[in-house]
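Along the sequence shown, the residues carry numbers beginning at 1.
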Amino acid sequence: MIGLLCFVLTVLASPFKSKSRLDAENAALRHQLIVLRRKVRGRAQLTNNDRWFFVQLYRWFPSILQVLTIIRPETLVRWHRAGFRHYWRWKSQRRGGRPQIDADLRGLIRQMEHGESILGCAAHPWRIAQARV
C-alpha cells in the first residue's frame, strides 16, 4: 500500500520536474540496467567509467540519489569526495625542477655575496692575492 502511495505521489509530482532532471534520472536508470546486464556472477562489477558517469550525474543533478538502486547514495558521495581529494592532491604536488635551498644556506650565501664573511679573509683567498698585486 505504501509503495502504491509513493508511486501515485511520484506520478503527480513528475510534471513539475524539469526536463533535464528527468533526462538525468532516465540516464541513471538506463546505465544501472546496462551494469546489471553486464554482471557475470552474483554482484554487479562497476568499472571506473561507470563510477565516473554516476559521479558526473551526481555533480550536475544531485537529485539522482533518489533513483540509484545498485549503489548506495553514501557510496556515490564518497566517490565524489575521493575524486575531489585526488584532483587537488595532483594539482598541488610539486613539479620537477631544482630543489629548494634551506633558508639558513640562503642567508649564508647572501652574507658572503655582500662581503660580510663569517670566516674573514680565509673564505676569499683570491681577494688576498688581488690585494698584494
- Partner set under ring-ring contact (aromatic ring centres under 6.0 Å, His included) for Phe53, not counting sequence neighbours: His31

- Message: With a 4.5 Å cut-off on side-chain heavy-atom distances among I, L, V, M, F, W and Y, is there a chain of contacts connecting Val77 to Val55?
- Response: yes

- Item | Ile34: hydrophobic cluster co-members (side-chain, 4.5 Å) | none

- Does any pair with a residue in residues 73-85 pass side chain to side chain donor-acceptor pair (under 3.5 Å), and if so which ones, sequence neighbours excluded? Arg59-His80

- Message: Grouping I, L, V, M, F, W and Y whenever their side-chain heavy atoms are under 4.5 Å apart, do Leu76 and Trp60 come out in a common cluster?
- Response: yes

- Atom CH2 in Trp90, atom OH in Tyr87: separation rounded to 0.5 Å? 6.0 Å

- Query: What distance do Phe54 atom CZ and Asp50 atom CG have between them, rounded to the nearest 0.5 Å?
  - Reply: 6.5 Å

- Intermediate values then yes/no, side-chain contact (heavy atoms from CB on, under 4.5 Å), Gln111 and Leu108: CA-CA 5 Å; Gln111 276 183 347; Leu108 179 63; 4.1 Å; yes

